[in-house]
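Let me give you the structure first, and then I'll get to my questions.
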There are 4 protein chains.
Amino acid sequence: MVTPRRFLSDKLCPVRAKRERRKEARPGELIAAALDLFVEKGFAATRAEEVAARAGVSKGTLFLYFKNKEELFKAVVTENLSGRFTEWNKEFEVFEGSTSDMLRYCMRVWWERVGSTKASGLTKLLMSEGSNFPTLAEFYRQEVVRPGHALVRRILHRGIDSGEFAPVDVDHAIYAVIAPMMFLMLWQHSTPMCIDGQAVLDPETFIAVQTEIVLRGLSARPSA
Amino acid sequence: MVTPRRFLSDKLCPVRAKRERRKEARPGELIAAALDLFVEKGFAATRAEEVAARAGVSKGTLFLYFKNKEELFKAVVTENLSGRFTEWNKEFEVFEGSTSDMLRYCMRVWWERVGSTKASGLTKLLMSEGSNFPTLAEFYRQEVVRPGHALVRRILHRGIDSGEFAPVDVDHAIYAVIAPMMFLMLWQHSTPMCIDGQAVLDPETFIAVQTEIVLRGLSARPSA
Amino acid sequence: MVTPRRFLSDKLCPVRAKRERRKEARPGELIAAALDLFVEKGFAATRAEEVAARAGVSKGTLFLYFKNKEELFKAVVTENLSGRFTEWNKEFEVFEGSTSDMLRYCMRVWWERVGSTKASGLTKLLMSEGSNFPTLAEFYRQEVVRPGHALVRRILHRGIDSGEFAPVDVDHAIYAVIAPMMFLMLWQHSTPMCIDGQAVLDPETFIAVQTEIVLRGLSARPSA
Amino acid sequence: MVTPRRFLSDKLCPVRAKRERRKEARPGELIAAALDLFVEKGFAATRAEEVAARAGVSKGTLFLYFKNKEELFKAVVTENLSGRFTEWNKEFEVFEGSTSDMLRYCMRVWWERVGSTKASGLTKLLMSEGSNFPTLAEFYRQEVVRPGHALVRRILHRGIDSGEFAPVDVDHAIYAVIAPMMFLMLWQHSTPMCIDGQAVLDPETFIAVQTEIVLRGLSARPSA
DNA sequence: CATGAATGAGGTTTCATTCAT
DNA sequence: CATGAATGAAACCTCATTCAT
């Protein structure tokens, strides 16, 4: 993220200047702190100063790295969600095996890398506060929803093309795949709603079961 | 929408001054306006003055009827959610028929009277902002979650006692019933997340399908 | 500025409620305080809270009457400068006498009602800070410069049409009239530049002398 | 623009390292950049970092050469205005010819070396912001106003002593000489006030005309 | 009862200045 | 010498809540 102009002298001086190391680490630390707080309290209720404090810097420093709170939020989304789609797209390009396995793999990987992490809270945040912050909502749609849908769409097309899946309206079928993910994300970040905080839903089982249901629904050969 | 406590006396004295009737209607109008705005923008982002304006009164009047914003919110919850449990409990006490039908009826009635109304936005609100307003979260748990769970628990016990349902851990099974409701409420109030606002999920079908799935899961006689 | 809804009851109660009287007086008090401070310190250096304090109210009250600092400034300009042009235009429409006398009258009246008052500081302010606040500069151009030029232009045209003035390029001649005004305004508000604050320039003499010079310059009959 | 104090040694050692020359040029480059920005935006609105950037150095470097923004401003004034008085004083000491010609020369030279340059913006700046920065105002009075007045005063005394000028109160007459200069400086840096930015006033003509007017006014022999 | 003027704590953002490297 | 990361005081503006009328 930062152009390391001192590459040569760094070689000569392997113990990089502490200050400079911090400088490169700062954006990441701030983004991490912001992710925590945004997920915990929402966008509006998170105070810039608190993010800075959690990252161990002062108020002013935050604005040294991010023009304003919205840009900070966008960076959080980019770092934790949209930035990963290129990697995922590549994985799926080289995937060999049935499309059913591909979808299973997709769901599992999503759970491991997003659903079960704090990043899933960002989705909930957008659902709650999106209408109050149209800029953020639009950014999220462009950077996360659109590529996410595209990824799922590709899988569905692959299945249909190969004859594994019945030919359905892909644009609608997408939601059958995404709905369980959405639900899990919401559920996870709404535990305060459960009395006594009982953990009742086993997410991995839920994902597995829902995946099979969806697959059966999509299958070209109707289950007997 | 507001329980008219003086209904009878109104009948006896039909010429009651219009102004006085307005006076009695005030809290209800404020609650209705508040419901709209809370659901639309969330608790924190809703300004007291806007609620008052939508109810056609001045800012000061709002605080005449409700000590503060939190009390207003509690009134909204009471009026739209918790206040209805007594009525529902009664309905279910006199219900005759199989427990499966009872559950089907429960789900349908919930959808008609809550799920499809603005009141369902309150649940989403609590999920989003609950952690920022512990008092409200606690109030909601006591007034809505607890009686809601109790209602479902009673249905499940009835089914188990009658042999219709397999004997399961009721405290956990509750969530199987509630989860689809929760999901629908969240989904409904998060449409901005969908690209192009495609309406994809038919709520009534969703409820029906999920109900049958749950019933099959609960059934004492394993589906062949 | 405020619709007095209580006209009748005011009649019955001639000692208007103190609070309400204040309410109607507030904008004016705030504008007066703002004029003082803007002229004294400039736009950027004047703090909103200080304006409020000088008007005897708190920070928040200022923003009750003016959306933001720029709107406050615009109100100050409107109240003290642009609002007066309609009155002036009328005066000049009914003016009888030579155009030379009309111009003399114009200059004298300008000095009495603007040049010698704090309002003249606004012009200096715009000259200094206009480029930092393009919105304000544009507003001032539309609301003050344009009608001011129009007024002078009309006088010049009248003189030319009547044969008193030589036919000149009016758009340029305007500046011959305005320049002495501008200079006086700047001079007045820049006294700190004079050592020991010696008052050296007698404004009324200056205006009179400059007026005659301009008149001689405009005259149709060349001075012998 | 910067007085190269090491000029001679540079000649003796032409191969002096470029970096060192830069080092000596720094203050001058910073002062030049600061002049530009101060004149363009004013003192308060000019950001230290922007000055540094325009001079091609980092923020820290600026404060290496100038203790703070005020000292930087003083250096700008010294370099562009007060530093020149010694040179001018010398020129006038050796001036031969009538005092009228001396005054004409003075005005012309002032226009060429100050009035028409960016330095003239400093005067406008002080007029606008002087009251917000008393230290700077005082500095300017001591370093520019005082020697400027002294210069003019000497010319007037010379004329009176030689019988060319009528014996007048010199302290007041000074302003007759200075006023046109001030006006031009203000006018020049306030173009945004003109509608459509019409250039109307030809400065050199203005200076020439005003000079003659002043001379006639000062002359010992009343114009016929 | 009803009003709406007034308050002031609290949040975001800017920028001169310092100082470790 | 030079850098630029870090600081924190200060300014603008919002809004829940109070209270005189």
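Order of the sequence lines sets the chain letters (A, B, ...), proteins ahead of strands, with each chain counted from 1.
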Identify, between B:F43 and C:R47, the residue whose nearest nucleotide on DNA chain F lies closer to the 5' end.
->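 Here C:R47 is the residue nearer the 5' end.
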Under a 4.0 Å heavy-atom cut-off, which of residues 32-39 of chain C touch DNA chain F?
-> none
Atom P, compared across F:dT21 and E:dC1: separation rounded to whole Å |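 These two P atoms come out 22 Å apart once rounded.
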Watson-Crick or G-U wobble mate for E:dC1, both contacts under 3.5 Å |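 E:dC1 is paired with nothing.
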Does CD belonging to B:E70 count more than 12 external heavy atoms closer than 6.0 Å?
-> yes
Test side-chain contact (heavy atoms from CB on, under 4.5 Å) applied to D:F43 and D:L72, step by step = CA-CA 10 Å; D:F43 179 75; D:L72 171 63; over 6 Å; no
Can you tell me the Watson-Crick or wobble partner of E:dT12, both distances under 3.5 angstrom?
->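 The answer is F:dA11, by the H-bond criterion.
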Once you round it to whole Å, what is the distance between P of F:dT17 and CD of B:E50?
->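 My rounded result for the distance is 16 Å.
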Quick check: are there more than 12 heavy atoms from other residues, nucleotides or ligands sitting under 6.0 Å from CD of A:E138?
-> yes
Would you say A:E129's side chain and A:A44's backbone share a donor-acceptor pair under 3.5 angstrom?
->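 Present.
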Stepwise, does the side-chain contact (heavy atoms from CB on, under 4.5 Å) test hold for C:T135 with C:K74?
-> CA-CA 10 Å; C:T135 318; C:K74 289 181 182 175; 4.2 Å; yes
By nearest-heavy-atom nucleotide on DNA chain E, the more 5' of A:E49 and D:T46 is A:E49
Go through the steps to decide whether C:L125 and C:F73 satisfy the test side-chain contact (heavy atoms from CB on, under 4.5 Å), and finish with yes or no.
-> CA-CA 11 Å; C:L125 189 158; C:F73 183 80; 3.9 Å; yes
Could I get the full list of side-chain hydrogen bond (donor to acceptor under 3.5 Å, both in side chains) partners for A:S128, not counting sequence neighbours?
->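 With sequence neighbours excluded, A:S128 shows a side-chain hydrogen bond (donor to acceptor under 3.5 Å, both in side chains) to B:S128, given in chain and number order.
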DNA chain F contacts made by residues 51-74 of chain A, counting heavy atoms under 4.0 Å | A:V57, A:S58, A:K59, A:G60, A:T61, A:L64, A:Y65
CD of B:E71: more than 12 outside heavy atoms within 6.0 angstrom?
-> yes
